[in-house]
Amino acid sequence: MHGFSYNNGSLFCEDVSLSALAAQHGTPLYVYSARTILDHFTRLDSALAEIDHEVAFAVKANSNLSVLRLLASHGAGFDIVSGGELFRVIKAGGDPAHCTFAGVGKTREEIIYALEQGIYSFNVESEEELRYLNEVAGELGVVAPVAVRVNPNVDAKTHKYISTGKSENKFGVDFGAITDLYDRASKELPHIKLRGLQMHIGSQLTSIAPFIEAVEKVTPLVKELKEKHGIEFWSIGGGIGIIYKESLASGSVDWWEIQPEAERPLTIERYGKELVPRLKDLGLKILLEPGRLIVGNAGLLITKCLYEKKGSAKTFKIVDAGMNDLIRPALYEGHHEIVPLTEPSSSERFKVDVVGPICESGDFFCQDRELPDFQPGDHVALMSAGAYGFVMASNYNSRPLPAEILVNGATATVVRKRQTLDDLIEGEI
Ligand code: LLP
């Protein structure tokens, strides 16, 4: 579900008018729905209820402290990829003992920080990293809990930049090399505790098939590691895709449920139904690392139309958000629905490019898309921007970062202030 719908002709987030928020806080403006975030989290948690499991939110998708606090207070663990993300989780009241630390390039400082904080597991991506971790843990006189990331060589069939489970990707250790590595590590690395196994085949997967393929392929390996090394968990990663292409009809629309069953690419419930029977007899704790699924459709980016420029070939709607605020269209050809905050009174559509103010041709949110009319001064929302939106924003072109708002029922809280011009130059001389 998501918490955005028209109410008397005006787009709302839960019980809050988005036009009112735009008027009060300016644009570009990220807005998140707490109800939607929790709905996704609890539905996934319930879909796995039959097995011992933990949902570890992938912080990289949305690391706002208030979003993390909301999830922590409802029992989420966290999947982190840097010392900075661990710092955020701790500041938000999350428990390091429920954090897993992924990533191919952990630094000495990050490793020490995570060891000191007592994280649940380091998800290790190479033998070199495993040996280094052993060395640093030894220096500190502690034992580092680890899971090696197995690369199952499964095609996730997603955009090449976010596919991670094939042998040609930089991630994880080859499937065929894992047993050997665990055997050697248990003999040679006294400051390592082999606690689990991890995998993640890619992001924005819209079919269940690659998940099933990966789970079935890795299951015998997991059983062997449990028997030989007593591992206690298996993280099957994140990657569950969301629906980006869906126009917002009037009234409350559930983007999962408006799809006829046969055409639904992947639902939370289907994910649980297919995977739980395959996992439940392993006697292992199952970890999930979803990011996009939890927050993607729970957020949008409001932007204001500044100009309409009619060229000989195209009509451009120039808006005040740019690729520095939301980079997904430029980087992954990501599709975000564009919806006027005032419900269109006519069904007429016009072919336009919606573009930002940045000095790059890649700075567009859509090209040749049929959209309802909107004019300079009007606001539109870029939908499904809750994941990999603000977190990937930058100050390119010296543009201050947008503000972020978290809505809960009728309450809207500024959870990150808009940057000022002074913020832009802080730390520079
Ligand atoms: N676990 C690991 C090890 C990951 O690398 C990722 C995402 C996740 C979990 C969470 O994946 P999710 O459930 O969100 O699909 N910026 C890109 C997505 C990059 C994903 C990187 N890794 C985008 O905007 O599409």
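In this text the structure is predicted, and so the values were computed from the model without any measurement. Both ligands and their constituent atoms are indexed starting at 1 by order of listing. Side chains are part of it too, since the values below use all heavy atoms of this structure and drop only hydrogens, waters and symmetry mates.
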Proximal ligand 1 atoms for [X], defined as those under 4.0 Å from one of its heavy atoms:
X	result
Pro290	13 (O)
Met392	16 (N)
Arg149	3 (C)
Gly238	9 (C), 13 (O)

Counting heavy atoms only, which part of [X] comes closer than 4.0 Å to ligand 1: side chain, backbone, both or neither?
X	value
Arg328	side chain
Tyr332	side chain
Ala58	side chain
Val81	neither

Step through it carefully: locate the ring centre of [X], locate the ring centre of [Y], and say whether they are under 6.0 Å apart.
X	Y	result
Phe233	Tyr120	yes
His336	Phe365	no
Tyr271	Phe211	yes

So, [X] side chain and [Y] main chain: donor-acceptor pair closer than 3.5 Å or not?
X	Y	answer
Glu289	His200	no
Asn62	Asn64	yes
Gln419	Arg399	no
Thr413	Val415	no

Worksheet item: So which of Gln204, Glu289, Arg292 gets nearest to atom 9 (C) of ligand 1, if we judge by its closest heavy atom?
Response: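 Nearest heavy atom to atom 9 (C) of ligand 1 lies in Glu289.
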Worksheet item: Taking only residues two or more places apart in sequence, or in another chain, which ones meet Ala22 in a side chain to side chain contact (heavy atoms under 4.5 Å, CB included)?
Response: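 Here the qualifying residues are Thr27, Ile302, His379.
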Q. Is the closest heavy-atom distance from Asp79 to ligand 1 below 4.0 Å?
A.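 For ligand 1, residue contact (heavy atoms, under 4.0 Å) with Asp79 is present.
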* Looking only at distance, does Gly291 have an N or O less than 3.5 Å from an N or O of ligand 1? ->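 Yes, Gly291 has an N/O under 3.5 Å of an N/O on ligand 1.
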Tell me whether Gly239 has any N or O atom under 3.5 angstrom from an N or O of ligand 1.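 Yes, Gly239 has an N/O under 3.5 Å of an N/O on ligand 1.
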